Number of protein chains: 2
Amino acid sequence: MRREFKKKSKVLLIDDNYEHLVGIRELLNIEGTFDVVGIATNVSVGLNLIKKYQPDIVLLDMNMPDKDGLQGIIEISKLNMDTKVLALSGYDDADLIFRAMKIGAKGYVLKTMASAQLIYAIEEVLNGKIYLPLALSSRFFEYFQQSFREETAKQESDEENLLSYLTQREEEVLELLTQGITYKGVANKLFISETTVKTHVNNIFQKLQVNDRTQAVLYAINNGFLTKKVKIAV
Amino acid sequence: MRREFKKKSKVLLIDDNYEHLVGIRELLNIEGTFDVVGIATNVSVGLNLIKKYQPDIVLLDMNMPDKDGLQGIIEISKLNMDTKVLALSGYDDADLIFRAMKIGAKGYVLKTMASAQLIYAIEEVLNGKIYLPLALSSRFFEYFQQSFREETAKQESDEENLLSYLTQREEEVLELLTQGITYKGVANKLFISETTVKTHVNNIFQKLQVNDRTQAVLYAINNGFLTKKVKIAV
DNA sequence: GTTGTCATAGACCATGTGGTCTATATCCGT
DNA sequence: ACGGATATAGACCACATGGTCTATGACAAC
């Protein structure tokens, strides 16, 4: 007969508010399935403790004075220790949530949330899932969609988008321009003369209302040409 | 005394599966707070019905043969009628969820989910919220973070990134190059001679291992220079 | 104090780039 | 059959761009 001891998960807490830190530790200790291996009131100390104790998960406060939580997430992930980060915050700031999730937080919970929900979040994250409470994911998505709104609008509205005026051939030429290829290079790739390429390029400039290839390339990239990439400010 | 009649919300259903269509209609009718103003088995017909009945919300199946659901969302949003779209799908395809949310779906629910959850989702969306069930938001976030992983890794690792070899002044020059400015323009902006700009630019080319400004600009953009923008494939 | 890096700048030259104009062949729609 | 859009291409020109070499003053490092 094989008896399985469920190994307690190692948790590390980072929060500049010491009372809160102790409060969570108590909560997790009472819960019984967690082992709080360390607490820290700033990121630097926290990083050292992480290296030392290799916790399964770190609860990281986002709003700290010295080094901000986002930077903390990045530095923890740089350790390459598959330590998961659950972000903690007092506010449901959409921008902060977005950025935290973007750089790899496995979840984000508010300090005001019920302790049961915190426990649940930790367990979900430990199970390899990503956990964002409904209220926060809703905020996240508003922000997320907002980020795309202008871009999408610009790209979807065929009016306005000067790229739509380009002919098939002109698009091919522009695509090669966006790879930083010279007239001669384009001519060779398309099996046409260099002069023809120049003619196409000039027409492209006219249509995109730009003066040189760099501007044309920038316009193309910023307006959804090519691999259809869209930007999000970090 | 003022009596308020809660106005029923107008709902429109689009799904190529007729049985499913009727099933949902029945469900919503029984619920009583919804008024199913129309059903359609394809997007084209659906669009006309939307124009005609101006529903508050459209339940749109993502997996349809003729015109796919994503396109449907785009076309509905192009109508500019603040009709909200709740995406419906049989599968929890992360890519599909991601793209649907990106282009503005207010929610995404699986056909296999309990009818109570569907009702709840509709109500949330009608209340102006964005609703993504936990299971799906989890999938979404995996995909979302995955999209950023390579980019982030590339940008965070200061080794490898040739941009880090640039001096302060060279970065300034490069930044201006990425705006499509000529040598002369850069010289004026930085109050230095055109020759100096050329020297800087040449040094930049050396460091970035490229041959011309277009390539330099492309390198800069693709490696997190500038406004720190990050790409997501659509 | 010598070495190194950086920002500055001039000279010279080859070539790439952009502007303009003209011209032909093809294809499409009517 | 004709006009319009498109792809092709030549000629000519002005100038922007890129390559290379040299040089100087400032400043930091050691």
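Chain identifiers are assigned alphabetically (A, B, ...) following the order of the sequence lines, protein sequences preceding nucleic acid strands; residue numbering begins at 1 within each chain. Source: prediction; values computed, not measured.
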So which protein N/O to nucleotides 28-30 of chain D N/O distances come out below 3.5 Å?
none

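For A:V217, the side-chain contact (heavy atoms from CB on, under 4.5 Å) partners at least two apart in sequence or on another chain are A:L177, A:T178, A:I221, B:T214, B:L218. Every residue meeting the side-chain contact (heavy atoms from CB on, under 4.5 Å) condition with B:A121, not counting sequence neighbours, appears here in chain and number order: B:L86, B:V109, B:Y131. When the side chain to side chain donor-acceptor pair (under 3.5 Å) test is applied to B:D15, the partners found at least two apart in sequence or on another chain are B:H20, B:K111. Checked against side chain to side chain donor-acceptor pair (under 3.5 Å), B:N48 has no partners two or more places apart in sequence or in another chain. Residues meeting the ring pair (Phe, Tyr, Trp, His ring centres under 6.0 Å) test with B:F34, sequence neighbours left out: none.
Counting non-hydrogen atoms under 4.0 angstrom, B:T167 reaches the backbone sugars and phosphates but no base.
Salt-bridge check for B:R139 with B:D92: passed, with a basic side-chain N closer than 4.0 Å to an acidic carboxylate O. Between A:K78 and A:E75, no side-chain nitrogen of the basic residue sits less than 4.0 Å from a carboxylate oxygen of the acidic one, so the salt-bridge criterion is not met.
For the helix from C:dG1-D:dC30 to C:dT30-D:dA1, the rotation axes defined at the first and last 5 base pairs enclose an angle of 50°, given to the nearest 10°.
Of the two residues contacting DNA chain D, namely B:T199 and B:D212, the nearest-nucleotide position lying further toward the 5' end is that of B:D212.
Sorted by first then second residue, the side-chain hydrogen bond (donor to acceptor under 3.5 Å, both in side chains) pairs that include residues 49-60 of chain B, not counting sequence neighbours, number zero.
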Throw together a table of side-chain donor-acceptor distances under 3.5 angstrom for residues 183-197 of chain A, partners on residues two or more places apart or in other chains.
from: A:N188; atom 1: ND2; to: A:K184; atom 2: O; distance (Å): 3.4
from: A:S193; atom 1: OG; to: A:T195; atom 2: N; distance (Å): 3.1
from: A:S193; atom 1: OG; to: A:T196; atom 2: N; distance (Å): 3.2
from: A:S193; atom 1: OG; to: A:T196; atom 2: OG1; distance (Å): 3.3

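Within a heavy-atom distance below 4.0 Å of DNA chain D, the residues of residues 201-211 of chain B found are B:N202, B:F205, B:N211. Near DNA chain D, meaning a heavy atom under 4.0 Å from it, residues 182-195 of chain B has B:T182, B:Y183, B:K184 in order of number.
Considering every non-hydrogen atom in both A:S89 and A:L96, the closest pair reads OG-CD2, 4.5 Å.
Distance, A:Q168 CD to D:dA7 P: 8 Å, rounded to whole Å.
Side chain of A:E170 to backbone of A:N203: no donor-acceptor contact under 3.5 angstrom is found.
For D:dA9, one of the phosphate oxygens OP1 or OP2 lies less than 4.0 angstrom from a side-chain nitrogen or oxygen of A:T196.
Scanning DNA chain C 5' to 3' for nucleotides with an atom closer than 4.0 angstrom to a non-hydrogen atom of chain B gives a first and last hit of C:dC6 to C:dC12.
You'll find the ring centres of A:F140 and B:F144 inside the 6.0 Å limit.
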